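Here's the structure we're looking at; comments come further down.
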There are 2 protein chains.
Amino acid sequence: MSSQTYSISDLARELDITTRAIRFYEEQGLLSPERRGQERIYSPRDKVTLKLILRGKRIGFSLAECRELIELYDPSGGNTKQLNSMLAKISERREQLEQQLLDIEQMKLELDTAEERCVQALEQTLKSQAV
Amino acid sequence: MSSQTYSISDLARELDITTRAIRFYEEQGLLSPERRGQERIYSPRDKVTLKLILRGKRIGFSLAECRELIELYDPSGGNTKQLNSMLAKISERREQLEQQLLDIEQMKLELDTAEERCVQALEQTLKSQAV
DNA sequence: TCGGTGGTTTACGTTTACGTCAAGAAGGAT
DNA sequence: ATCCTTCTTGACGTAAACGTAAACCACCGA
């Protein structure tokens, strides 16, 4: 049952970010690790939170948006009004993700045509060299 | 054949961005509209470019990354080496998009579980109110 | 002729997300 | 006891992506 813990540089290494970034996320309220004296002690849960932050960043979420996601994920039960506003936020996020999916599909199509033009240009080059 | 043109505020209104942003994109080399005297005159192609920028931004691309995409889309044929490096960049971008797809799917799953917890908490609230 | 309306450049301000020292405390090896 | 490593808290610096304000043309209708 010895629940695993991590130092800040453990996580930095494993997740390939700087300790500065991790402390900054805490400063912005996205993380609140245990302390042993001054030292920060991270739980597996903290690690999951960090991964969520990194995923969020990869798809262009701001830290503020990531924090909202984390709060959504948090089991700190609020009152009914909060629950309803949480559901609203969740559906907002879902719409945003759907839009991003469309954007990505469109981007892929554009990469297709760009690639095609590249390949054709290369073929032209090779032909003219063959002469 | 009267090829359509737009003023800067036309595009700002239509694409829901500020004129400042549009000028900034130009300053960063993402756009180079015609001029009539001092005045900027935008073509349909410029509009397409702007839409590409906005799509890029929605999925977290930096302006520098957007500019690369625009250059990829550009038919200004380079030499063979450039073409090969373009193909490499295209496949890099494609990998990044695939990663983003995975990230988004994961996010959607997390929204699912967050929503489920919300709904269950709401049901609990209603039950206890019913007594 | 005069007052908008819409365009321009220049320039400084702001927010976000950290990077980069500096200075110090804590524990372990020699 | 001293040195090394790893941690800590400031505090200032920086790049990106604009916002905002100033000061200036140019045309157009009343």
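Keep in mind that what you see is a predicted model, and the values were worked out from it rather than measured. Chain naming here is simple, since letters A, B, ... match the order of the sequence lines and numbering starts at 1 in each. All values below come from the heavy atoms of this structure, side chains included, with hydrogens, waters and symmetry mates left out.
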Length of the [atom1]-[atom2] vector between [X] and [N], whole Å:
| X | N | atom1 | atom2 | result |
| --- | --- | --- | --- | --- |
| B:Asp16 | D:dC18 | CG | C1' | 15 Å |
| A:Glu26 | D:dT9 | CD | P | 7 Å |
| B:Phe24 | D:dG19 | CZ | C1' | 11 Å |
| B:Glu27 | D:dG19 | CD | P | 13 Å |
| B:Gln28 | D:dA17 | CD | P | 7 Å |
| B:Asp10 | C:dG6 | CG | P | 11 Å |
| B:Leu15 | D:dC18 | CG | P | 13 Å |
| A:Leu31 | C:dC18 | CG | P | 13 Å |

### Task
Kindly say whether B:Gln28 contributes a backbone atom to a donor-acceptor pair with the side chain of B:Arg67 at under 3.5 angstrom?
yes
### Message
When you measure from the side-chain N and O atoms of B:Tyr25 to the phosphate of D:dA17, is any distance below 4.0 Å, counting only OP1 and OP2?
### Response
no
### Task
Would you please confirm or rule out a distance under 4.0 Å between OP1 or OP2 of C:dG6 and any side-chain N or O of B:Ser7?
no
#### Entry: Heavy-atom side-chain contact between A:Lys47 and A:Leu50 under 4.5 Å
no
### Query
How about A:Tyr42 and A:Asp10: do any of their side-chain heavy atoms sit closer than 4.5 Å?
no
### Task
Pull out every residue in residues 56-67 of chain A that has a heavy atom closer than 4.0 Å to any atom of DNA chain C, ordered by number, or say none.
A:Lys57, A:Ser62, A:Leu63
#### Entry: Exercise: do A:Thr49 and A:Asp46 side chains pair donor with acceptor under 3.5 Å
no
### Query
Just by protein heavy atoms under 4.0 Å, how would nucleotides 8-14 of chain C read 5' to 3' in B, S and -?
BB-B---
### side-chain contact (heavy atoms from CB on, under 4.5 Å) between B:Leu69 and A:Met107, intermediate numbers included
CA-CA 9 Å; B:Leu69 286 176; A:Met107 282 286 183; 3.7 Å; yes
### Task
Taking only Lys NZ, Arg NE, NH1 and NH2, and the carboxylate oxygens of Asp or Glu, determine whether B:Arg35 and B:Glu26 approach each other closer than 4.0 Å.
yes
### Task
Give a yes or no on whether a salt bridge exists between B:Glu115 and A:Arg94, defined as a side-chain N under 4.0 angstrom from a carboxylate O.
yes
### Message
Could you walk me through whether A:Arg93 and A:Glu68 satisfy the salt bridge (charged side-chain N to carboxylate O under 4.0 Å, His left out) test, starting with their C-alpha distance in whole Å, then the side-chain angles of each, then the deciding distance to 0.1 Å, before giving a yes or no?
### Response
CA-CA 10 Å; A:Arg93 286 291 155 222; A:Glu68 272 208 350; 3.7 Å; yes
### Task
Could you go through the side-chain contact (heavy atoms from CB on, under 4.5 Å) check for B:Leu52 and B:Leu30 one step at a time?
CA-CA 10 Å; B:Leu52 196 154; B:Leu30 285 82; over 6 Å; no
